[in-house]
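See below for the structure under consideration.
Nothing fancy with the numbering, it's 1 onward along the sequence.
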Amino acid sequence: MDRREHVPDEEQDRGSGDARGMGRPDLLSQVSVEDGTSNTGSGGNPPVDSKGDRDIETLRQVPSGPPYSDFSKSTKRWIIAMAACASFVSPMTANIYFPALNPLAADLGVTVNLINLTLTTYMVFQALSPTVVGDFGDMAGRRPAFIICFTIYIFANLGLALQNNYAALLVLRMLQSAGSSGTLSLCYAVVADVAVSAERGKYMGIVGAGINIGPALSPVLGGILAEYLGWRAIFWFCLIYAAAWLIPYTLVVPETCRRVVGNGSVPARGWNMTAVDLFRRRYKSRRTGDGEDSVTPKSELRFPNPLNALRVVFEKDLALLLFYNTMIYLVFILIAATLSTEFADIYHLTDLQVGLCYLPYGLGCCLAAVAQGYILDSNYRRIARKIGFTIDYKRGDDLRSFPIEKARLLPVYPILSAGIAAVICYGWVLDAETNLAGPLVLLFVVGLCVTGSFGILNTLLVDLYPEAPATAVAANNLVRCLFGAAGTAFIESMLGAMGRGWTYTFWALVLVVFSPILWLLSVKGPRWREERRVRKLEAKEKKAAVGAAGESG
């Protein structure tokens with residue numbers, strides 16, 4: 001009796017879950033045993049298997065897929081660790097530059113206002129670059145995207161360290177932003193490549209820790225470098241850090257993009273291969289005379305389309321998620337942007353002392369990034385037990401029948417509530433000009449709760465758009481950076497007009513007013529997600545039908 005069957009086509013389109021069929025080898029079939037009885041056998045008892053409790057004739061075919069990730073646990077940890085180190089670069093580059101503004105203006109003979117223009121152009125490219133890099137990374141693979149970005153970044157820092165005029169500074173800062181900013185979307189996409197939904201929170205937290213360390217440590221580091229070694233040392237440091245990351249990544253970190261290598265079991269080709277694997281294949285080819293593996297399909301390349309990120313914005317559930325996530329980010333960035341000026345004005349601190357005041361904020365951000373991952377994974381398991389959902393850590397879960405929105409958003413309510421209260425208290429403590437310890441403690445709570453909420457929503461964003469996670473994160477980055485640039489432009493005017501207490505209270509209440517968005521996502525989100533899955537499936541079938549008609553014609 002032949003027990004091998006083809007898996008039904010619908011099994012390969014499992015919806016917006018862990019994308020079983022996306023870029024992976026054909027799903028496999030396996031034989032399993034089903035409980036039952038038979039009228040055959042001695043004494044009227046059913047024949048049993050070797051364990052004595054199952055009828056061998058009840059063997060039947062149960063479709064199943066290959067593992068979600070073919071990488072070993074140690075390899076996944078290595079990949080995530082490298083992604084976390086890469087995620088540090090963009091926020092570090094944006095903030096390490098602040099202590100060098102006055103020395104740069106003096107050395108280049110320009111006003112501080114012109115130097116501030118380099119901050120504006122940096123943020124513009126910080127918003128736009130991920131839309132190109134994210135689409136390229138989803139299409140061609142994470143490795144070529146990372147390598148191109150870091151190569152651009154290294155040469156930009158080399159030019160910045162050697163330049164002596166304002167025009168070069170302005171152009172090279174744009175290039176530096178283009179190289180560093182695109183890596184954020186790639187880092188989150190790497191997590192989606194290798195981690196199933198049930199454990200994704202933990203790994204997203206690790207990458208988020210790298211992102212949150214940047215704003216906390218880089219102003220301190222930049223102040224030390226600028227004060228003792230000069231402003232050029234800042235760019236030399238960035239160059240050395242990037243080169244130290246790029247060398248091991250190029251040599252040994254494997255490709256993870258599911259469109260290129262599936263779950264990791266499909267051999268990489270060309271520039272998706274590590275340098276070590278490429279050398280081994282070339283050496284083997286010369287010895288045996290065999291060419292490159294012709295079985296492995298080539299990925300189809302096209303020019304990256306930044307408009308793909310805008311498509312994410314027009315999805316109902318994703319649009320609401322992006323909007324509220326941006327509001328949380330605004331509160332985060334406005335506090336970080338005004339901390340130095342407010343503390344210097346109230347407590348008369350030096351630049352280095354102000355930089356040290358970022359440490360409680362950064363410590364809270366880092367703890368939030370790690371803790372929120374474990375909280376998310378724990379809540380995922382709790383919801384699964386409650387609804388009788390079986391978690392598949394090996395192959396990933398079909399999220400069509402799982403309320404992923406509820407599983408991700410439930411922890412946000414208490415965490416964000418504490419963060420909102422801390423933001424309001426922070427504003428009035430500054431307004432009262434109390435002891436420095438007061439705002440520092442509140443900064444820690446704000447970093448822990450506000451940033452923790454931001455990280456949780458980032459995880460949900462990747463869960464809702466698994467077919468192109470880098471593009472989804474790029475859309476998030478585009479929206480939040482544009483709003484962040486606008487917010488930082490008038491926050492000083494708000495502080496002057498409304499005062500510290502009412503300014504921060506206003507932004508905290510903005511989060512309260514729009515908080516019903518989270519409830520709406522929990523209730524309506526599963527239906528909207530299913531509608532998107534069906535729409536994309538119909539579009540895919542229509543495209544296949546048109547292609548088949550063209551071939552037959």
> What's the verdict on side-chain contact (heavy atoms from CB on, under 4.5 Å) for Glu315 and Trp528, showing C-alpha distance, side-chain angles and the deciding distance?
Replying inline: CA-CA 9 Å; Glu315 298 286 350; Trp528 291 338; over 6 Å; no
> Could you walk me through whether Asp138 and Arg259 pass the salt bridge (Lys or Arg N to Asp or Glu O under 4.0 Å) check?
Replying inline: CA-CA 7 Å; Asp138 283 333; Arg259 291 186 179 179; over 6 Å; no
> What do the steps show when you test Val462 against Val191 for side-chain contact (heavy atoms from CB on, under 4.5 Å), and what is the final call?
Replying inline: CA-CA 9 Å; Val462 172; Val191 177; over 6 Å; no
>> side-chain contact (heavy atoms from CB on, under 4.5 Å) for Tyr324 and Leu416? Distances and angles first, verdict last.
In response: CA-CA 12 Å; Tyr324 197 75; Leu416 186 58; 3.3 Å; yes
>> Let's go through Tyr241 and Phe88 carefully: what are the C-alpha distance in whole Å and the side-chain angles of both, what is the deciding distance for side-chain contact (heavy atoms from CB on, under 4.5 Å) to 0.1 Å, and is it a yes or a no?
In response: CA-CA 10 Å; Tyr241 182 93; Phe88 176 73; 3.5 Å; yes
> Going through the checks in order, is the salt bridge (Lys or Arg N to Asp or Glu O under 4.0 Å) test met by Lys394 and Asp392?
Replying inline: CA-CA 5 Å; Lys394 184 176 182 181; Asp392 191 343; over 6 Å; no
>> Under the criterion salt bridge (Lys or Arg N to Asp or Glu O under 4.0 Å), I'd like the reasoning laid out for Glu538 against Arg535: C-alpha separation, chi angles, the key distance, then a yes or no.
In response: CA-CA 5 Å; Glu538 290 175 349; Arg535 187 174 67 251; over 6 Å; no
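The shortest heavy-atom contact between Pro403 and Ile383 is CG-CG2, 3.9 Å. Closest approach of Ala475 and Val312 over heavy atoms only: CB-CB, 3.9 Å. For Gln176 against Asn157, the heavy-atom pair with the smallest separation is NE2-OD1, 2.8 Å. Here the shortest heavy-atom pairing between Ala83 and Cys187 reads O-SG, 3.2 Å. The two atoms that bring Ala244 and Pro248 nearest to each other are O-CD, 3.0 Å, heavy atoms only. Summarising the geometry of Ser218 relative to Met92, their closest heavy-atom pair is CB-O, 3.6 Å, with the distance given to 0.1 Å.
Using modelled atom types, no side-chain atom of Asn476 and backbone atom of Leu322 make a donor-acceptor pair closer than 3.5 Å. With hydrogens and angles ignored, the 3.5 Å screen pairs a side-chain donor or acceptor of Ser129 with a backbone N or O of Ala178. Without hydrogens or angle criteria, Thr183 side chain to Gly179 main chain gives no donor-acceptor distance under 3.5 Å. Between the Ser180 side chain and the Val89 main chain, no donor and acceptor come within less than 3.5 Å of each other. Under a 3.5 Å cut-off, the side chain of Arg143 and the backbone N or O of Thr250 do form a donor-acceptor pair. With hydrogens and angles ignored, the 3.5 Å screen pairs a side-chain donor or acceptor of Thr151 with a backbone N or O of Ile147.
Side-chain contact between Tyr380 and Ile391 is present, with at least one heavy-atom pair separated by less than 4.5 Å. Considering only heavy atoms from C-beta on, Met174 stays 4.5 Å or farther from Tyr122 through its side chain. Between Thr131 and Asp135 the shortest side-chain heavy-atom distance does not fall below 4.5 Å. Within the 4.5 Å cutoff, no side-chain heavy atoms of Leu461 are placed close to those of Asn325. No side-chain heavy atom of Glu405 sits less than 4.5 Å from a side-chain heavy atom of Val523. Side-chain contact between Phe323 and Phe514: present, with at least one pair of heavy atoms (C-beta onward) separated by less than 4.5 Å. Residues Tyr249 and Cys85 fail the side-chain proximity criterion, which asks for heavy atoms closer than 4.5 Å. Counting heavy atoms from C-beta on, the side chains of Leu175 and Phe125 never come closer than 4.5 Å.
Exactly one residue among Arg532, Arg529, Arg533 makes a salt bridge (charged side-chain N to carboxylate O under 4.0 Å, His left out) with Asp317. That residue is Arg532. Applying side chain to side chain contact (heavy atoms under 4.5 Å, CB included) to Val252 and the options Ile247, Thr274, Asp277, Val276 leaves one that passes, Val276.
In this structure, Lys524 places its NZ atom where only 12 or fewer heavy-atom neighbours from other residues, nucleotides or ligands lie under 6.0 Å away. At most 12 non-hydrogen atoms from other residues, nucleotides or ligands lie less than 6.0 angstrom from OH of Tyr374.
For Phe389 and Phe402, the distance between ring centers is under 6.0 angstrom.
To the nearest 0.5 Å, atoms NZ (Lys406) and CH2 (Trp519) are separated by 13.0 Å. From Gln372, atom CD reaches atom CD1 of Ile375 across 7.5 Å, with rounding to the nearest 0.5 Å. Distance CD1/Ile79 to CZ/Arg142: 11.5 Å, rounded to 0.5 Å. Rounding to the nearest 0.5 Å places CZ of Phe150 at 4.5 Å from CH2 of Trp245. Rounding to the nearest 0.5 Å gives a distance of 9.0 Å between OG of Ser453 and CG of Leu448. With rounding to the nearest 0.5 Å, the separation of CG in Leu464 from CZ in Arg408 is 9.5 Å.
By the 4.0 Å N-to-carboxylate-O rule, Lys76 lies close enough to Glu199 to be salt-bridged with it.
Taking the six-membered ring for Trp and thresholds of 30 and 60 degrees, Phe454 and Tyr329 have ring planes inclined between 30 and 60 degrees apart.
In this model, no donor atom of one side chain and acceptor atom of the other lie less than 3.5 Å apart for Ser265 and Asp70. No side-chain donor-acceptor contact under 3.5 Å links Arg269 and Asn272. A donor-acceptor pair shorter than 3.5 Å cannot be found between the side chains of Ser90 and Thr93.
Tyr68 carries Arg258 over the face of its six-membered ring, with the cationic atom under 6.0 Å from the centre and within 45° of the normal.
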